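Everything below concerns the one structure shown next.
Heads up: numbering here begins at 1 and tracks the sequence. Note that this is a predicted model, so its numbers are computed, not measured.
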Amino acid sequence: MGTFKAIRIDKADKGTTATLTQFDEAELMDGDVTVKVEWSDLNYKDGLALTGKAPVVRRFPMIAGIDFAGTVEQSSHPAWKPGDAVICTGWGMGETHLGAYAEKARVKGDWLVGLPQGLSARDAMAIGTAGFTAMLAILALEKHGLTPGSGPVVVTGAAGGVGSVATAVLAKLGYHVIASTGRLAEADYLKSLGAAEIIDRNELSAPAKPLAKERWAGGIDSVGSNTLANLLAMTKYGGAIAACGLAAGMDLPSSVAPFILRGVCLLGIDSVMCPLPARKAAWDRLATDLDRSKLSEITHEIALDQVASLGPQILAGQVRGRTVVRIS
C-alpha cells in the first residue's frame with residue numbers, strides 16, 4: 001500500500017474545499033477491481049462538486065471526478081484481468097464513491113465497460129459522460145422512430161459537452177441539426193461540427209406557451225426549465241424530446257398540451273445508473289458514429305492540477321466542448 005495523487009474534497013466551515021493532495025491507498029473504498037487511472041474529464045456535475053455549488057458530494061472526504069479510463073491492476077471479478085483497458089462513468093463516483101481525479105480507483109467490476117476497439121483511453125474521456133449521455137439520447141430518439149427524414153432536430157446547450165457530441169453525431173447520421181446556444185460567437189465552431197442552423201438560446205428561454213409553431217421533429221435538451229418547455233411546445237406532431245440536463249433549473253413550467261394534442265413524447269435520459277447492455281450499445285455506437293476528427297476539434301486537454309480552477313468556468317458556460325484530464 002502506498003499513496004497517490006488525488007483531488008480531495010473536504011467539508012469546511014463554509015462549504016467545501018477541493019485540494020490536490022496525496023491520498024492513502026488503504027483508504028480506497030470496497031470494490032473487486034483496482035484500476036490505474038490514465039485519463040478523466042470535466043463535466044458539469046464535476047463543476048458542481050468542485051465548487052460546492054450543489055450538494056453533489058454525499059460523503060467526506062471524497063475524491064472528485066465521475067469518469068475515468070485506465071488499465072486494470074488487480075481484479076477478483078471474473079470479467080476483468082490485469083492489463084484490461086476499461087472505462088467507468090457514473091455509478092455515484094465522485095458523489096458517494098471515491099472518484100476519478102486520482103492515479104488509482106477501486107470500483108465494482110460490474111460498473112466497468114471494456115474500451116471499444118478503435119478508441120484510445122484519451123478518446124473515451126474526450127467523449128466521457130457528456131458524450132455517452134448524448135448517445136443515450138440519440139438511441140432513445142431512434143427507438144421512438146426518429147430518422148433524418150422525420151425533420152429537423154434541435155440541440156440545446158450546443159457548445160457544451162453534451163451538445164457538441166450530439167451535434168457532431170446527429171450531423172454525421174444525416175440529420176438537419178438546429179443548434180441552440182447562448183454563445184453566438186461559437187457559430188463557426190458549431191457549423192464545423194455539422195450544425196445546419198444556429199439559434200440564440202434567448203428564443204427558447206422565455207416562459208413557454210402551451211403550444212407554439214411546430215419547428216422540429218425531435219431534440220436533445222441539457223438545459224431544462226423554460227427551454228425544455230419551449231422545445232416541447234414547438235415539437236412536431238408525434239415527435240420527441242430527450243431530456244438529460246438542468247443547466248437552467250430543475251423546474252418544467254409546461255402544460256400537457258404538447259402531449260395530448262400533438263402526441264409529443266418526453267424521453268428521460270439517465271447516464272448514472274444506466275444498465276450495462278445500454279452502456280455497451282452506446283459506447284459501441286460512439287466508436288463508429290462519432291467522427292474522430294470532430295472529437296479532436298471539440299477537445300481541450302489539461303493536467304490534474306488544473307482541474308479545480310476550471311470548476312467555476314464550466315458552471316458559467318465558459319468551457320467549450322470537452323475537457324480531458326491527463327492523470328498519468
Verdict with reasoning, Asp67 to Thr129, per side chain to side chain donor-acceptor pair (under 3.5 Å): CA-CA 7 Å; Asp67 298 340; Thr129 279; 2.5 Å; yes
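- Across Pro258 and Leu232, no two heavy atoms sit closer than the pair CB-O, 3.5 Å.
- Here Glu95 contributes atom CD and Ile9 contributes atom CD1; the two are 10.5 Å apart, rounded to the nearest 0.5 Å.
- At a threshold of 4.5 Å between non-hydrogen side-chain atoms, the residues Glu186 and Arg320 count as touching.
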Test log, rule side chain to side chain donor-acceptor pair (under 3.5 Å), inputs Thr89 and Arg279: CA-CA 9 Å; Thr89 63; Arg279 286 178 184 269; 3.1 Å; yes
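- Of the options Val162, Val177, Leu193, a side chain to side chain contact (heavy atoms under 4.5 Å, CB included) to Val155 is made by Val177 and by none of the others.
- A donor-acceptor distance shorter than 3.5 angstrom exists from the side chain of Thr156 to the backbone of Ser222, with no hydrogens or angles considered.
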Side chain to side chain donor-acceptor pair (under 3.5 Å) evaluation trace for Thr147 with Tyr175: CA-CA 8 Å; Thr147 68; Tyr175 287 89; 5.7 Å; no
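- For the pair Thr19 (side chain) and Thr21 (backbone), a donor-acceptor distance under 3.5 Å is absent.
- Scanning all heavy atoms of the two residues, the minimum distance from Arg59 to Thr96 falls at CD-O, 3.1 Å.
- By the 4.0 Å N-to-carboxylate-O rule, Arg122 lies too far from Glu38 to be salt-bridged with it.
- Under the 3.5 Å distance criterion, the side-chain polar atoms of Trp216 are matched with a main-chain donor or acceptor of Leu231.
- Contact check for Phe4 versus Asp24: no side-chain heavy atoms found under the 4.5 Å cut-off.
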Thr235/Glu214 under side chain to side chain donor-acceptor pair (under 3.5 Å): CA gap, chis, key distance, verdict: CA-CA 5 Å; Thr235 299; Glu214 295 174 87; over 6 Å; no
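- Between the side chain of Arg322 and the main chain of Gly160, no donor-acceptor pair closer than 3.5 Å is present.
- The backbone N or O of Arg183 lies less than 3.5 Å from a partner atom in the side chain of Thr181, making a donor-acceptor pair.
- Contact between Cys244 and Thr133 at its shortest, heavy atoms only, is CB-CG2, 3.5 Å.
- With hydrogens and angles disregarded, no donor-acceptor distance shorter than 3.5 Å links the side chain of Asn230 to the backbone of Thr227.
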